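Okay, so here's the structure we're looking at.
Treat the numbers as computed from the prediction; the structure is a model and nothing was measured. The chains referred to below are lettered A, B, ... by the order of the sequence lines, with proteins before strands, and numbering in each begins at 1.
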Amino acid sequence: MKWKVIEKSKLPNLIGELAREYEIFAPVDRKSIGSFERLASGSEVSLDSRNTKKPPKDVFIPQTETLFTYKTGKQEVELAAPQVVIGQRVVLAVRPCDAKSFVLLDKFLSSGEYKDAYYKEKRKNTTIVGLACNHPLSTCFCTSLGGSPHGKEGLDVLLQDINDKYLIEPITERGEKLIEKFPWLKEAERADIDKAKKLSDDAEAAVKSKVSIDGVDNKLDGMFDDPIWEQICQKCLNCGICTFFCPTCCCFDVLDEDGKRIRIWDSCQFSCFTLHGSGHNPRPSGKERMRQRIMHKFNYFVKTHGESFCVGCGRCIQECPVNLDIREVVGAISALPTDKRSDND
Amino acid sequence: MTNPYIPNLTVIRKITTENEAKDIKTFELTFKDSEAMKNFKYRCGQFAEISVFGAGECPIGIASSPMDKDAIQFTVKRVGVVTTALHNSEEGTVMGVRGPYGNGFPMERLEGRNVVIVGGGFAFTTLRSLANFILHKANREKFKDLTVIYGARNPGELIYKYDLEAWKKRDDINLNVTIDSAVPGWKGLVGFVPAVLKDVAPSSDNAIAVVCGPPIMYKFTMPVISELGFSPENVLLSFEMRMKCGIGKCGRCNIGEKFVCKDGPVFTYKEFQRMPKEY
Ligand SMILES: Cc1cc2nc3c(=O)[nH]c(=O)nc-3n(C[C@H](O)[C@H](O)[C@H](O)COP(=O)(O)OP(=O)(O)OC[C@H]3O[C@@H](n4cnc5c(N)ncnc54)[C@H](O)[C@@H]3O)c2cc1C
Ligand code: SF4
Ligand code: SF4
Ligand code: SF4
Ligand code: FES
């Protein structure tokens with residue numbers, strides 16, 4: 001299928017048409033933090049700003065989600081599962097790093113013996129339309145994790161801002177089907193594509209921060225008892241903000257509230273996360289919790305699913321109240337001499 | 001699509017108070033839907049997520065034997081929100097059960113061998129399931145000698161007294177029940193589990209040891225187990241971590257890259273030695 005273009009002024013029309021058939025989620029500036037919300041109108045979309053503060057993971061893993069409702073009578077209990085999706089959905093303007101986070105979340109949540117029914121059902125019914133980044137921030141390091149500002153992994157369609165227009169590139173069959181619904185879209189011209197290519201190259205070059213991930217997973221193998229964790233965790237407040245805003249962190253708690261069994265986002269940075277009923281806690285201090293976060297992202301997930309559980313979006317760096325920079329942590333690990341590795345066998 | 005988070009509905013058929021402190025009770029549950037009961041096929045050493053609607057959910061080892069076909073049992077100590085709500089429930093109350101989860105004991109490895117069961121405190125639940133499974137007349141000859149070493153702080157804290165009585169009368173089990181320190185009226189063994197294990201000294205020949213207890217018991221039992229000649233791959237341990245989902249998704253029960261809920265809770269001592277020390 002040919003690439004298309006749409007004039008920026010026409011975008012609200014497209015969203016309006018789309019809204020007749022789909023539930024649309026897109027970046028908006030409601031609540032004074034950029035987040036992906038269900039759109040009320042096409043004009044609400046905020047596409048010019050930098051990536052949203054809150055990642056789009058909550059389109060698939062809401063911060064609070066009802067697993068089922070229960071009604072308890074004297075000797076009776078009635079359970080009802082909620083309707084997870086009403087119809088087809090589109091998420092608009094997902095940045096490439098966040099799109100990759102969906103691929104990683106799929107590997108974790110939709111794989112294995114037990115599949116997360118709620119996540120999977122939403123993923124199955126959702127088309128992802130990406131937005132390439134022309135202006136990466138100083139905290140972006142997607143290119144160190146196999147991504148790029150115009151990466152396509154996890155996307156069905158990719159939009160790119162080419163000044164007065166968006167270039168529309170179909171990526172998957174599902175993406176093509178979506179584009180076919182708008183026969184009035186103009187075909188892209190050579191000049192549009194060339195311009196996009198130039199912007200992409202510039203954006204790629206603008207991702208200045210590089211982290212050497214290669215070999216970090218192996219190095220971490222021997223570093224469970226390394227003094228580095230004690231050092232890194234010194235300034236950490238264990239506030240959990242880094243995991244809250246991380247597009248791949250998906251740990252949750254389960255509890256009952258007002259007739260509902262719900263799950264809510266949780267974080268390995270909290271001490272109660274692993275506290276046993278007996279009072280014993282396998283991760284009693286910040287040291288163990290920092291280690292868990294770094295190990296999970298750069299060692300455990302690599303072992304179980306073949307790649308790092310980080311997409312280099314930089315949110316944890318931007319939002320950390322004490323400026324703890326995951327790039328420096330990974331950099332420090334990568335700079336350690338290899339002989340630090342102790343063999344466990 | 002199957003939804004692993006939705007529990008089966010069950011009814012409490014019988015509640016048995018297990019100890020003098022009355023904070024350990026055994027709940028016998030029957031499934032509301034007989035199909036669900038049939039589909040709930042479990043092996044010894046597995047656990048389930050038990051729901052008290054309105055209080056929440058928690059993981060509990062299955063205390064009944066897979067040979068018990070019409071009900072399942074859970075022995076629960078009252079510690080927090082859910083377990084207290086469970087303790088306050090009456091017979092006839094509707095509960096949720098989802099599972100079974102975890103790997104359970106590798107029964108195919110135990111068959112044809114001597115089995116040494118070592119348990120301390122109320123973590124004896126899944127070991128009781130294992131002992132009852134082995135002692136069942138349809139299974140007994142598949143296994144060789146069965147030795148059980150079980151200890152509690154004092155006689156009042158021993159659980160499953162009715163089973164212990166029944167086992168004592170049999171000649172196909174070497175039963176050793178001990179309490180931590182002597183009390184008037186107690187005629188049995190006195191001493192900690194590791195010390196009793198050393199005295200009983202079960203042979204490690206063609207044997208597998210299954211050990212379950214609080215972390216402190218592991219610490220002192222493992223050296224004795226090694227002294228008796230059990231190689232690390234012939235020792236099975238069962239772990240308890242804080243769990244929520246039970247199916248490897250909520251992210252809290254891991255030791256290294258292993259999720260205890262899904263890859264465990266049973267690990268060989270050999271696997272355990274290779275795991276990071278975080279439990
Ligand atoms: C595989 C597996 C099998 C299990 N099998 C059994 C079994 O057979 N029987 C059984 O009884 N249990 C078993 N457990 C343990 C059981 O799951 C827990 O006891 C249960 O989850 C407690 O749930 P709760 O809601 O009652 O407690 P919660 O309300 O979740 O926890 C409250 C507890 O947390 C602790 N706590 C809370 N705040 C603090 C604080 N500030 N400082 C220190 N401590 C604090 C307290 O000890 C309190 O009792 C098993 C666990 C696992 C993982
Ligand atoms: S955001 Fe920063 S301070 Fe807060 S838990 Fe993460 S690293 Fe620690
Ligand atoms: S760890 Fe930080 S940089 Fe990596 S994906 Fe999460 S928030 Fe983004
Ligand atoms: S880093 Fe922590 S909060 Fe994030 S997914 Fe891993 S265990 Fe969960
Ligand atoms: S209990 Fe949720 S991952 Fe193990």
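No more than 12 heavy-atom neighbours from other residues, nucleotides or ligands sit within 6.0 angstrom of CZ on B/R153. The number of heavy-atom neighbours closer than 6.0 Å to NZ of B/K22, taken from other residues, nucleotides and ligands shown, is 12 or below. Sparse packing is recorded around NZ of B/K270, with 12 or fewer heavy atoms of other residues, nucleotides or ligands lying under 6.0 Å away.
When B/K258, B/E90, B/E257, B/M95 are compared by the number of non-hydrogen pairs under 4.5 Å with chain A, B/E257 comes out ahead. Contact count versus chain B (heavy atoms, under 4.5 Å) is highest, among A/E288, A/E76, A/K260, A/M295, for A/E76. Ranked by heavy-atom pairs shorter than 4.5 Å toward chain A, the options B/K244, B/R252, B/K262 are led by B/R252. Comparing A/V254, A/D225, A/V302, A/D258 by how many heavy-atom pairs each has under 4.5 Å with chain B, the most go to A/V254. Contact count versus chain B (heavy atoms, under 4.5 Å) is highest, among A/Q75, A/R283, A/Q292, for A/R283. Between chain B and the options A/L255, A/N299, A/L275, heavy-atom pairs under 4.5 Å are most frequent for A/L275. Contact count versus chain B (heavy atoms, under 4.5 Å) is highest, among A/D253, A/T72, A/T304, A/L67, for A/D253. Ranking B/G92, B/G251, B/G54 against chain A, the residue ahead of the rest is B/G54, based on heavy-atom pairs under 4.5 Å. Ranked by heavy-atom pairs under 4.5 Å with chain A, the list B/V11, B/T93, B/N254 is led by B/N254.
With a threshold of 4.5 angstrom between heavy atoms, B/I247 approaches chain A through its backbone and through its side chain. Residue B/T83 does not touch chain A at all, counting heavy-atom pairs closer than 4.5 Å. For B/V79, the part lying near chain A is the side chain, with the backbone staying farther off; criterion is any non-hydrogen pair under 4.5 Å. With a 4.5 angstrom heavy-atom cutoff, B/V82 does not touch chain A via any of its atoms. Using a 4.5 Å cut-off between heavy atoms, B/P214 does not touch chain A at all. The contact between A/Y70 and chain B is made entirely by side chain atoms (from C-beta outward), counting heavy-atom distances below 4.5 Å. Only the backbone of B/K277 comes within contact range of chain A, with heavy atoms under 4.5 Å apart. With a 4.5 Å cut-off on non-hydrogen atoms, A/F252 touches chain B through its backbone and its side chain both. With a 4.5 Å cut-off on non-hydrogen atoms, B/Y279 touches chain A through its backbone but not through its side chain.
Residues A/I241 and A/C320 fail the side-chain proximity criterion, which asks for heavy atoms closer than 4.5 Å.
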- [ ] Determine, stepwise, if the pair B/T75 / B/Y160 fulfils side-chain hydrogen bond (donor to acceptor under 3.5 Å, both in side chains).
- [x] CA-CA 9 Å; B/T75 302; B/Y160 308 127; 2.5 Å; yes
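Ion pairing of A/K122 with A/E23 is absent here, as no side-chain N (NZ or NE/NH1/NH2) approaches a carboxylate O to less than 4.0 Å.
Ring planes of A/H280 and A/H276: perpendicular class, angle over 60° (limits at 30 and 60°).
Figure legend: cation-pi geometry between A/R261 and A/F68 absent, as NZ or CZ is not positioned both under 6.0 Å from the six-membered ring centre and within 45° of its axis.
With B/I159 as the fixed residue, the side-chain contact (heavy atoms from CB on, under 4.5 Å) test singles out one of B/T16, B/I24, B/T17: B/I24.
Aromatic rings from A/F298 and A/F309 are positioned such that their centres are separated by 6.0 Å or more. Under the 6.0 Å cut-off for aromatic ring centres, A/F60 and A/F102 qualify, their centroids lying closer than that.
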